[in-house]
Q: 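Have a look at the structure that comes next, please.
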Amino acid sequence: RKEVEQDPGPFNVPEGATVAFNCTYSNSASQSFFWYRQDCRKEPKLLMSVYSSGNEDGRFTAQLNRASQYISLLIRDSKLSDSATYLCVVSRGGTASKLTFGTGTRLQVTL
Amino acid sequence: DGGITQSPKYLFRKEGQNVTLSCEQNLNHDAMYWYRQDPGQGLRLIYYSQIVNDFQKGDIAEGYSVSREKKESFPLTVTSAQKNPTAFYLCASKGPVTGGENYGYTFGSGTRLTVV
């Protein structure tokens, strides 16, 4: 079983739609969680950290469920510019631990 | 502005040739990483270094070598022993993000290596 699992998609949604991605992780010792965005042929960039209480950044909302070991990302009012691959990332936390990446979920927003 | 610089952006390697990919950061981060990404796949860890003069193998270290003589620099050599080197190579450093509660990665813009 992969340490971080995501539905690869693609998710094809019209502009203005709301879309949600889920991600599950297998290591219960994981402490830090992130969503990264990767555009085609570019490097991943941090979208947002994910906190236990849930957090929001504009149109983006991230949730963490430690009991079920899953993370979600909700995008409201999708824009064409949101089209990208979204990577779920987990870590045991702290300065020394590595980050483990999911394979990503591809989102395509259309007119 | 602080960041990570990878060079070159594109690199072509002949069969049997060693090549070195450069990675430099001015973020004052201790930890640095090298990942490989193949088309349609996730990132796989090659090597990482948590401090100067120390580094560890990742999940796919065979055919690669690194050095960490300076905090700012973490070059990756793709040797002739790496049988399938064509891929997108990403260097990252790790430091505090979003107020310092979590430690996340900052990536360089990557090097695309192609065997010709």
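Both backbone and side-chain heavy atoms feed into the values below; hydrogens, waters and symmetry mates do not. The chains referred to below are lettered A, B, ... by the order of the sequence lines, with proteins before strands, and numbering in each begins at 1.
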Q: A side-chain contact here means heavy atoms from C-beta on lying under 4.5 Å apart; do A:Glu43 and B:Tyr105 qualify?
A: no
Q: Would you say A:Val4 and A:Leu64 are hydrophobically clustered, going by side-chain heavy atoms of ILVMFWY under 4.5 Å?
A: yes
Q: What residue, out of A:Leu99, A:Val89, A:Thr100, has the most heavy-atom pairs lying under 4.5 Å from chain B?
A: A:Leu99
Q: Is it the side chain or the backbone of A:Arg41 that comes within 4.5 Å of chain B heavy atoms, both, or neither?
A: both
Q: Which members of residues 107-116 of chain B, sorted by number, sit under 4.5 angstrom from chain A on a heavy-atom basis?
A: B:Phe107, B:Gly108, B:Ser109, B:Arg112
Q: Is the count of non-hydrogen atoms from other residues, nucleotides or ligands lying under 6.0 Å from A:Arg106 atom CZ greater than 12?
A: no
Q: Quick one: do A:Val90 and A:Tyr86 end up in the same hydrophobic cluster if we chain Ile, Leu, Val, Met, Phe, Trp and Tyr together by side-chain heavy atoms under 4.5 Å apart?
A: yes
Q: Do A:Gln38 and B:Gln37 have a side chain donor and acceptor closer than 3.5 Å?
A: yes
Q: Is it true that, when you exclude B:Lys71 itself, more than 12 heavy atoms of the residues, nucleotides or ligands shown sit nearer than 6.0 Å to its NZ?
A: yes
Q: If two hydrophobic side chains count as joined below 4.5 Å and joins carry through other members, does A:Val13 share a cluster with A:Phe21?
A: yes
Q: Is there a chain of hydrophobic side chains (I, L, V, M, F, W, Y, each step under 4.5 Å between heavy atoms) that links B:Val66 to B:Ile4?
A: no
Q: Looking only at heavy atoms, what is the nearest atom pair of B:Leu43 and A:Pro44, with distance?
A: CD2-CG, 4.3 Å
Q: When only heavy atoms count and the cut-off is under 4.5 Å, which of residues 73-91 of chain B reach chain A?
A: B:Phe88, B:Leu90
Q: Same cluster for A:Leu74 and A:Phe11 if Ile/Leu/Val/Met/Phe/Trp/Tyr side chains link at under 4.5 Å?
A: no
Q: Side-chain contact, heavy-atom cut-off 4.5 Å: A:Lys98 with B:Leu45?
A: yes
